[in-house]
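Report on the following structure.
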2 protein chains.
Amino acid sequence: MDDSVIARAVSIVRTFDARHQVLGVSEVARRTNLPKATAHRMLRELAVHRVLERSGSGYRLGLLLFEVGALVPVHHTIAATARPVMTDLRDTTRGRIHLAVLDGTEVVYVEIVGEAHTPIASRVGGRLPAHATGVGKVILAHSGPAAIESVIATGLPRITARTLHTPGALMRELEAIRSDGQGYDREESHVGISCVAAPIFGADGNVLAGLSITGPTRMIDPDRMGLAVRTAARTIGRQVAGS
Amino acid sequence: MDDSVIARAVSIVRTFDARHQVLGVSEVARRTNLPKATAHRMLRELAVHRVLERSGSGYRLGLLLFEVGALVPVHHTIAATARPVMTDLRDTTRGRIHLAVLDGTEVVYVEIVGEAHTPIASRVGGRLPAHATGVGKVILAHSGPAAIESVIATGLPRITARTLHTPGALMRELEAIRSDGQGYDREESHVGISCVAAPIFGADGNVLAGLSITGPTRMIDPDRMGLAVRTAARTIGRQVAGS
DNA sequence: CTTAGGCGTTTCACTGAGTGGAACGATCAG
DNA sequence: CTGATCGTTCCACTCAGTGAAACGCCTAAG
């Protein structure tokens, strides 16, 4: 483990998640493998600086992170620009619209518009393996070889029985996406949930993000929805480039 | 200045804002008053840990902050719960709907639904002095004496010519809000922009947040809009309590 | 072309910021 | 009552972090 103060502070902050919003000193110490006295002292200091805040007998993520998080460029500019178009797409398709970027071998959901169709839903700021998602695959299809190789080298674990889990299958899928101009998730990241996705290109012609219409499999019709998601993606790309 | 590593790291992170999204080593050093070598080393380490990322010849806020920011309880739970009701309120009133919490002497905008009516608009994660905003005043009206005294002790600077700037005027306004059940911003935070606001109470009966319908002064009618914003606030409070 | 200024980056002797084992009091469950 | 766990505090110790100085590169002005 990296022992610098910054590494430890980051490790502490990352210990909080959707299911553990409030944590006490001892639990943080356990989850970060830090001595309890160190965890205690750092928690207190992070609270002084509003990175964390006291909540009952424990700590939780603080307002400063929310304020700073809202300024992160990927959200501050791309998502804000995309939101109206995503809302339009949600209105016409009744799907749940996702905007995601690739980070390493995973996609991070930058903005989501529309109702969740399952109890365990995607979340803004959440992550999934790129190879198992429609948005991830459309981004990979238009990314350089390094990104694809990194994903393959990291492994292609199955999320569901339908997840593409061999390099060959993934490469063929990426080739089909490049040919079709759109991609799909056929229950590869969540049983019963499918999507049709399109890449968003930046002003420099590089792929910037992925946009998808997601919903229960029976309501996702690629033939009907493909042009809509591709058009919306182009619109978003043009607006982001102009901003 | 506080010299701890955590304080310095936080200072660096807070140096980025909406108008300075990408900053180089020397500029960060200047703005934080840190020696250039220290700034350089910390920027690099913050980038290693994804708190920041390289962008061209500079640095910008990184994806980790966006991911963590999305988990901050105030946004993760209250805003997510409130968004559908805020959308409804936006649809019926055509106003810009704000949800804000009090932090110290300022309000932080937790969620905003609807179009901005001015080029320089409120922003999710942004802040304004509580005494100059409708949402801030409705929260203060239902807060304990400590919060009100802190605001008065900090000073009541004018944002516009109409901002309440004396303790007496503020106290009378808070009393009127308690009596009316709703509050207003009559061009006190932004010339030409007004709002009608209502408090959102938590399950424990304490004020949790403020909700407002905002827009150009000529379209904000407290008589017509008061019950709508109060009803929406009650709905949100009940939903947050049940989640 | 030359010079000056500013940038990002690196080095290393120095020291005090940060550390963590140990102890303590409070609380809870058996 | 006993044992386990929690959050909190103390303090001797040491090495993580520091910043002045230097460097090469780039740009703008004269």
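Each chain gets a letter, A, B and so on, in the order the sequences are listed, and its residues count up from 1. None of the values given here were measured: they were computed from a predicted structure.
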Does B/R30 have a side-chain nitrogen or oxygen under 4.0 Å from the phosphate oxygens OP1 or OP2 of C/dC7? yes

Nearest to the side chain of B/P35, which nucleotide is it out of D/dG19, C/dT10, D/dT18? D/dG19

Under a 4.0 Å N-O cut-off, is there an ion pair linking A/E173 with A/K137? yes

Between A/Y59 (OH) and D/dG7 (P), how many Å, whole number? 9 Å

Of all the choices, C/dT10, D/dG7, C/dG8, which nucleotide is nearest to the side chain of B/V25 once you look at every atom? C/dG8

Just checking, is any N or O donor in the side chain of B/S122 or B/H98 under 3.5 Å from an acceptor N or O on the other one? yes

Is A/H40 near enough to D/dT8 that one of its side-chain N or O atoms lies under 4.0 angstrom from OP1 or OP2? yes

Would you kindly give the CG-to-P distance between B/N33 and D/dG19, to the nearest whole Å? 11 Å

Does B/R41 place a side-chain N or O at less than 4.0 Å from the phosphate oxygens OP1/OP2 of D/dG17? no

Specify the separation, in whole Å, of atom CG of B/L46 and atom P of D/dG17. 12 Å

Has the side chain of A/K36 got a donor or acceptor atom sitting under 3.5 Å from an opposite partner on the base of D/dG7? yes

Length of the line joining B/R31:CZ and C/dC7:P, which is rounded to integer Å: 13 Å

Between B/R230 and B/Q182, is there a side-chain donor-acceptor contact under 3.5 Å, judged purely by atom types and distance? yes

Between C/dG18 atom C1' and A/M42 atom CE, what is the distance in whole Å? 9 Å

Between A/T38 and C/dG20, does any side-chain N or O lie under 4.0 Å from OP1 or OP2? yes

Any side-chain N or O of B/R8 under 4.0 Å from OP1/OP2 of D/dG19? yes

Taking atom C1' of C/dT10 as reference, at what distance in whole Å does atom CG of B/L43 sit? 15 Å

Whole Å only: how far is the CD atom of B/E27 from the P atom of C/dG5? 19 Å

d(CG, A/L34; P, D/dG7) in whole Å: 14 Å

Both A/I6 and A/G24 contact DNA chain D. Which one's nearest nucleotide lies toward the 5' end? A/G24

According to a strict under-4.0 Å criterion, is A/S26 in side-chain N/O contact with OP1 or OP2 of D/dC6? yes

Trace of the side-chain contact (heavy atoms from CB on, under 4.5 Å) decision for B/T15 with B/Y59: CA-CA 11 Å; B/T15 279; B/Y59 293 85; over 6 Å; no

Taking OP1 and OP2 of C/dT9, is either one under 4.0 Å from a side-chain nitrogen or oxygen of B/R44? no

